[in-house]
Structures are given as C-alpha cells and as structure tokens.
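Keep in mind the model is a prediction, meaning the values are calculated, not measured. Computed over heavy atoms, backbone and side chain alike; hydrogens, waters and symmetry mates excluded.
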Amino acid sequence: MGEESLVAQTQFIMVARIPQTGKAAKVPEITLDSPESIEEFRKGKERALSRKQRAASSLSLIPPNNDEIQYMHNLYLEAKDMKIQKNFIIKQSTISANEVSNDNSLKKPIDNFKW
C-alpha cells in the first residue's frame, strides 16, 4: 500500500426549512472542538457572506451601471462590424457563373497559352 494523501475536499451547504412556510428553521449550533473546525467554520461564514454579496449585485436585481452599459454597447458594435465585414468578404469572393460569362474583362485572350 502506498502513502495516503488528500486528493479532494468539498464543502456542503445544509439548510433546514419549515415545510409549512418555507422559512429557515432553527437548528442547534455546531460544536467546534478543534482549531481546524473553528477555522473551517470561519471560512464557511466568509463564503456565505460572499455568496450573499454576489446575489445582491446580480443583474436579476440591479440594472447595469453606465460603464457596463457602454461596454456592452461597444461589444455589440464590434460584433456587428465583424458580421458586416464577414458578409462583405463572402460576397466579394463569391462570383456566379453568370457574372463570369457577362464580364468582358474575363474574356481577354491569354498570351502565350499552349494546349
């Protein structure tokens, strides 16, 4: 058998709800009995606060500010310009058989052509 080593770690978010109301239920506090468990509990509180802050600034709740609006508008204009350029290149590189047969400049004899 080889040496054991930690390969993964995860955190769980556990919630208790009152079935009739859907509100948070009171649960007994966890017993923190080691420096490691105290540190993990502190980190969990930080992660919970971070999740709440991200949720509070979600676009679902708060509209974009002027800088964000301008940034999105610029992205839209760049994408639109790229699409126009792409379509122009495609149109320029696509020549139909009728265009070729009607274009007199393409009917010039080729000098020094040998069969």
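Scanning all heavy atoms of the two residues, the minimum distance from Ala25 to Ile18 falls at CB-CG1, 3.8 Å. Heavy-atom minimum distance, Arg17 versus Ala24: NH1-N, 3.4 Å. Across Arg47 and Gln11, no two heavy atoms sit closer than the pair NH2-CG, 3.1 Å.
Atom CD in Glu29 sits 7.0 Å away from atom CZ in Phe41 (nearest 0.5 Å). Atom OH in Tyr71 sits 13.0 Å away from atom CG in Asn65 (nearest 0.5 Å).
Remark: Glu46 pairs with Arg42 by the salt bridge (Lys or Arg N to Asp or Glu O under 4.0 Å) rule, at least two apart or across chains. The salt bridge (Lys or Arg N to Asp or Glu O under 4.0 Å) search around Glu68 returns none, not counting sequence neighbours.
Linking Ile, Leu, Val, Met, Phe, Trp and Tyr whenever their side-chain heavy atoms come within less than 4.5 Å leaves Met72 and Ile69 in two separate clusters.
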What do the steps show when you test Glu78 against His73 for side chain to side chain contact (heavy atoms under 4.5 Å, CB included), and what is the final call?
CA-CA 9 Å; Glu78 287 175 21; His73 182 67; over 6 Å; no

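Clustering of Ile, Leu, Val, Met, Phe, Trp and Tyr side chains at separations under 4.5 Å places Ile62 together with Leu61.
Of the candidates Asn66, Asp67, Asn74, Asn74 is the only one forming a side chain to side chain contact (heavy atoms under 4.5 Å, CB included) with Gln70.
In this structure, Ser58 and Arg54 have side chains that are not in contact, with every pair of non-hydrogen atoms separated by 4.5 Å or more.
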